[in-house]
Structures are given as structure tokens and as C-alpha cells.
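As the structure lists them, so they are numbered: ligands from 1, and atoms in each ligand from 1. Start at 1 with the first residue, then count along the sequence.
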Amino acid sequence: MTILDGKNLANQLVIKIRTEVDQITSGGKRAPHLAAILVGNNPASRAYVGNKMKLCEKAGFRSSLIEKDSTCPESELLDLIHDFNKDPDLDGYIVQLPLPKHIDEQKVLNAISPDKDVDGFHPENIGKMTLGLPGFRPATPLGIMIMLENYGIETAGKHCVVVGRSNIVGTPVSILMSRKGYPGDATVTLAHSKTKNLPEIVRQADIVIAAIGIAEFVKGDWIKSGAVVIDVGMNRVEDSAVPRGYRLTGDVDFEAASSNASSITPVPGGVGPMTVFALIHNTLQAYNSRF
Ligand code: GUN
């Protein structure tokens, strides 16, 4: 059984990017620049954004974090986005989700210039992904593709069951897994809250991608012998036995699934670091298309 170590892989891949960035900057050009907008005080969002800023530093990128409190009016956020769209010294930026309830998330995503949308959430980039045209791919699905590729996991003709149909993971990863080429060419089932007989469907999967956001939702006996398990979940479960009061758990019962799977991503240290790497990858793509 192989542990798909996203932390180690992301670190290796970022070293390659660092070499490229060092060559660029030693030639006199400025470094790529990524900004993140964080609205409110969601502790998980704060931790994710912190990881994104840290990896920028490792990659030799410039990074900027703009923090707004949870009462920030929608119009103020949209003004900031318009400024970012025009800023020639900024290659890409993200607005960390979720946003406070008084802000219309789709309106915000629509306002991001598609050529700076390194999270790949703008409808133009989603459309380009669907059509197989060049553009930014959403960070988590792209991170999963990069991981499958680097571990040489076969996908052609495999049955991939995606559990969860969110706009940021389940739906786009189902599109990427079914596209022509590698990694892709899979037969994809997109399962969701209305799916009947979910355990039986998951039992048919050669590749399971769990992105439902419920701790240990996918049970060990749903995993076919030899299946590849990609766990996108990052759930905080109360645990008074540890000092911080919670532990992080994926959407898959890791211990039980490990005895059936041929390879599996751990949580933490699996898909999470690959998402952050994919953002760095997209930012370099944005920079290279500007210079
Ligand atoms: N919230 C959860 N995942 C993501 C992500 O990949 N990007 C952003 N912007 N917000 C998120």
C-alpha cells in the first residue's frame, strides 16, 4: 500500500519552481506576485491562507495578504478586486472562500479578472476547462491531477467515483478525470447527496475521490481491493485528548480504507499541500503569460 504523500511531493515540485524563479529574477525581472484576500475570522480559512503565503516564500514569489473583517461591505471587496485587476505588479490573486453570508460569493468570483483568477473559479475559466481550452484549472482538482501524474497512477478506462458535487472540487474534478488524455480518460460517476446505493457504487470504483465535507463518511468496506483513494476532506473533529482540542480528519475512514486500497492520501499531508502547490503553479502560469 502506497501513501500518496502530498506534502513531500509539493515540496519537491516547489523546489523546481524556485529554480525557475531564481533564473528569472537573476536576469533582472521581478518575481511572480500572488495576493490573497481573507474576509472574516474563519480559523480553517486563516490556516489555509497562511499555508499559501508560506509556500509563496519557498517558491521565491512575492506574496500579499489583505485581511478584512467579517463586516466588510460587499462593495468594499468589489472595489479591492477592481484595483487588483488593474495592478500591473500583481499576477494573480484569490479570495478565500467561504465569504460571510451578506456577500454574494458568485458576484465576487465573477468580478475577478479571468487572467488573474489563479483559483480557476471564474465562469470563463470553468468554461475553458469544460471545453479543454487553455486557462486556469481550479486549484484542488489540478493538485489532484498533478499528484496522480507524479505517482504514475493509471486513469485511462478506470472507473472513477467522485463523492460530492461542489463547484470547487467535485464537479471540476469529474470533468478533468473524464477529459481526453492523461491524467483523464476515466469513466466517471459523480455521486452526491441524492445518490441511491452509494456504498455499492463506491465499491465499483478503481479510483475514489471523496469531497463531501463529512468526517469519515466513506467507510473502509466501501473500498474495492486495490482501489486508489483520494481524500479531499479536511474536517475538524473535537478531541479533548489533544492540546488544541480537535484533530483533522478526512472524508474517508483512513485506517479501515488503508487495508483495501492500493494507495491512499493521508489527511493532513495529502491533497491539501497539492492544492497550495497548484495555486503556485497557476500563478507562475499567469506571470509567464504576462512577460
Ligand atoms: N476554500 C476552500 N478551498 C478553497 C480554495 O481552493 N480556494 C479558495 N479561494 N477558497 C477555498
Side-chain angles (χ1 to χ4, degrees), residues 6 10 34-56 63-68 70 72 74 77-78 80-81 84-85 90-101 103-114 116-126 129 135-147 162 164-176 209-215 230-236 248-251 265 267-268 270-283 285-286:
L34 172 73
I37 304 173
L38 177 63
V39 185
N41 219 350
N42 179 324
S45 290
R46 188 165 290 280
Y48 298 150
V49 169
N51 289 338
K52 291 169 186 178
M53 299 294 100
K54 262 190 241 157
L55 206 65
C56 276
S63 66
S64 306
L65 171 59
I66 287 80
E67 296 186 58
K68 297 277 176 192
S70 58
C72 172
E74 184 183 274
L77 185 56
L78 291 171
L80 179 60
I81 287 174
F84 276 6
N85 288 345
L90 183 62
D91 304 297
Y93 65 97
I94 65 153
V95 179
Q96 187 66 28
L97 304 179
L99 290 170
K101 288 207 166 43
I103 298 177
D104 179 344
E105 217 160 80
Q106 196 58 53
K107 195 168 170 186
V108 167
L109 297 179
N110 289 355
I112 298 174
S113 174
K116 292 192 176 181
D117 170 39
V118 286
D119 248 337
F121 292 165
H122 189 281
E124 185 173 315
N125 282 316
I126 301 285
M129 172 184 66
F136 297 114
R137 307 303 187 225
T140 299
L142 176 61
I144 294 170
M145 294 299 124
I146 295 172
M147 177 179 249
V162 179
R165 57 177 158 182
S166 71
N167 286 344
I168 64 177
V169 186
T171 296
V173 86
S174 71
I175 292 168
L176 293 178
I209 302 179
I212 189 104
I214 301 172
I230 307 293
D231 189 348
V232 183
M234 183 64 80
N235 309 292
R236 291 183 173 209
L248 289 173
T249 309
D251 289 353
T265 59
V267 177
V271 173
M274 295 307 300
T275 296
V276 185
F277 172 74
L279 191 62
I280 299 288
H281 168 100
N282 280 348
T283 304
Q285 181 183 320

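- A donor-acceptor distance shorter than 3.5 angstrom exists from the side chain of Asn235 to the backbone of Gly250, with no hydrogens or angles considered.
- If you check the side chains of Asp119 and Tyr93, you find no donor sitting under 3.5 Å from an acceptor.
- Not one N or O on the side chain of Asn125 forms a donor-acceptor pair closer than 3.5 Å with the backbone of Gly135.
- When each of Ile209, Asp231, Ile144 is tested with Thr265 by the rule side-chain contact (heavy atoms from CB on, under 4.5 Å), just one qualifies, namely Asp231.
- With respect to Pro138, the side-chain contact (heavy atoms from CB on, under 4.5 Å) criterion is satisfied by exactly one of Ile126, Val169, Ile168: Ile126.
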Give one line per pair: atom of ligand 1, protein atom, distance. Only N/O to N/O under 3.5 Å.
residue: ligand 1; atom: 1 (N); partner: Gln96; partner atom: NE2; Å: 3.3
residue: ligand 1; atom: 1 (N); partner: Leu97; partner atom: O; Å: 3.0
residue: ligand 1; atom: 7 (N); partner: Asp119; partner atom: OD1; Å: 3.4
residue: ligand 1; atom: 7 (N); partner: Asp119; partner atom: OD2; Å: 3.0
residue: ligand 1; atom: 9 (N); partner: Val95; partner atom: O; Å: 2.8
residue: ligand 1; atom: 9 (N); partner: Asp119; partner atom: OD2; Å: 2.6
residue: ligand 1; atom: 10 (N); partner: Gln96; partner atom: NE2; Å: 3.3
residue: ligand 1; atom: 10 (N); partner: Leu97; partner atom: N; Å: 3.0

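- Side-chain atoms of Arg46 and Asn41 include a donor-acceptor pair closer than 3.5 Å.
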